[in-house]
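This is a predicted model, so every value here is computed, not measured. Note on naming: letters A, B, ... go to the chains in the order of the sequence lines (proteins, then strands), and numbering restarts at 1 for each one.
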Amino acid sequence: MVLLSITTIMEDVGIDEAFLDISDEPDSNEAIVERIKSGIYEKTGLTCSIGIAPNKLLAKIASDMQKPNGMTVFTGDDIEKKLWPLPIRKLYGIGPKTEEHLKAMNIQTIGQLASLSMESLIKRFGHSYGYYLYEAARGIDESPLVTHWEPKSFSRETTFQVDVKDWQVIARTIAELTKEIVSDMSRRHYRARTINLKIRFDDFRTITRATTIEGYSGSEEVIRKAAFACLKRVELARKVRLIGVRVTNLEKLEKVSLPV
DNA sequence: TCTGGGGTCCTAGGACCC
DNA sequence: TCTGGGGTCCTAGGACCC
């Protein structure tokens, strides 16, 4: 609510982050930051860090630069000075695997990443991600704020305290997870066509199996049966550490309640 | 560094159809 | 009968984010 009083163009990112489009706000950056900080402090007693930049990618990085209770302004002119010296891992979308990969190529900073050609990045990382890295290293990000979205999947998973071998326990767990998912789904008025089962073994190997059914369903029985059909296709040679169930391929039901 | 849960997106390969 | 191209759907796995 604090943030919505600033602007209604807002994208929630998880529980404690958001992007705000303040490009049309008449107040100065400093004034807006002050309103946000004091508003959040009054409501929650918490401080926050704020980044102001021409796009989401840079705003995210900027907000990270002065961590407790800070504010960083990033302009298009700061790319070389502020972005390029940073380690690659600071770039949104670069995780441990890509970091490792790039370091093996002797790329340590975002600036060094920016020295690679688009062709070589696409060759190494595939079309979409290679192109993303090329642009991100230059601070380019045209992605709009997403103010409304629909879920693409519902899932539940659980890790056992002790690795299990007992088929009964596995089956019961699948049934329980399914029940919770179906409850989520029906509360939010969705039905699904594809049911995924995820199993992690005691050696951390993780496999998935999917079943796509004839039409969309929100029936606990139908979805549980599909999950069991997936389970049948798994060779349970090792103990199981984690079980997960996910439904994808969703259809939103209209407010007028339809039979499930 | 190794901890868990709920998500998203991407890629590759196979099946099937025209 | 064989070869090949293009499109779509499905499955399995991987990487990343909060």
> Rounded to whole Å, please give me the gap between CG in A:Leu177 and C1' in B:dG5.
11 Å

> Give the rounded distance in Å between these two atoms: CG of A:Asn249 and C1' of C:dT8.
13 Å

> Can you check whether A:Val169's main-chain N or O pairs, donor with acceptor, with A:Thr173's side chain at less than 3.5 Å?
yes

> Restricting to pairs with a member in residues 159-173 of chain A, which pass salt bridge (charged side-chain N to carboxylate O under 4.0 Å, His left out), not counting sequence neighbours?
A:Asp163-A:Arg241

> Under 6.0 Å from the CG atom of A:Asp24, do we count more than 12 heavy atoms belonging to anything else shown?
no

> Measure from CD on A:Glu235 to P on C:dA12 and round the result to the nearest Å.
15 Å

> Can you check side-chain hydrogen bond (donor to acceptor under 3.5 Å, both in side chains) on A:Lys37 and A:Asn69, steps first, answer last?
CA-CA 8 Å; A:Lys37 280 183 176 292; A:Asn69 200 13; 2.8 Å; yes

> Do A:Arg191 and A:Ser217 meet the criterion of a side-chain donor-acceptor pair at a distance under 3.5 Å?
no

> Answer yes when A:Glu119 and A:Lys123 have at least one side-chain N-carboxylate O distance shorter than 4.0 Å, and no when they do not.
no

> How would nucleotides 13-18 of chain C be written as a contact map, 5' to 3', with B for base contact, S for sugar-phosphate-only contact and - for no contact, using protein heavy atoms under 4.0 Å?
S-SSSS

> Send over the distance from A:Tyr131 OH to B:dT11 P, rounded to a whole Å.
14 Å

> Sequence neighbours excluded, which residues qualify as side-chain hydrogen bond (donor to acceptor under 3.5 Å, both in side chains) partners of A:Ser128?
none

> So, is A:Arg193 close to the C:dC10 phosphate, meaning a side-chain N or O under 4.0 Å from OP1 or OP2?
yes

> Side-chain polar contacts of residues 87-101 of chain A - donor-acceptor pairs under 3.5 angstrom, sequence neighbours left out - could you list them?
| from | atom 1 | to | atom 2 | distance (Å) |
| --- | --- | --- | --- | --- |
| A:Arg89 | NE | A:Ile94 | O | 3.1 |
| A:Thr98 | OG1 | A:Tyr129 | OH | 3.2 |
| A:Glu99 | OE2 | A:Lys103 | NZ | 3.3 |

> Counting just side-chain N and O atoms, does A:Arg246 come under 4.0 Å of either OP1 or OP2 of B:dG5?
no

> Output yes when at least one side-chain N/O atom of A:Thr211 is less than 4.0 Å from OP1 or OP2 of C:dT11, else no.
no

> Separation of A:Ile199 atom CD1 from C:dA12 atom P, in whole Å?
12 Å

> May I ask you to decide whether A:Lys56 forms a salt bridge with A:Asp141, counting only side-chain N to carboxylate O separations under 4.0 Å?
no

> Tell me the interatomic distance from A:His127, atom NE2, to B:dC9, atom P, rounded to whole angstroms.
19 Å

> Do A:Thr178 and A:Arg156 have side-chain atoms, one donor and one acceptor, less than 3.5 Å apart?
no

> Atom CG of A:Leu133 and atom P of B:dC9: how far apart are they, to the nearest Å?
18 Å

> Which ranges of DNA chain B pair up as stems, where a stem means three or more consecutive Watson-Crick or G-U pairs with both distances under 3.5 Å?
B:5-18 with C:5-18

> Check the surroundings of atom CD in A:Glu150: do more than 12 heavy atoms from other residues, nucleotides or ligands lie under 6.0 Å from it?
yes

> Under 4.0 Å, heavy atom to any atom of DNA chain B: which of residues 151-169 of chain A qualify?
A:Pro151, A:Lys152, A:Ser153, A:Phe154, A:Ser155, A:Arg156, A:Glu157, A:Thr158, A:Thr159

> Mind calculating the distance between CG (A:Leu242) and P (B:dC2) to the nearest angstrom?
19 Å

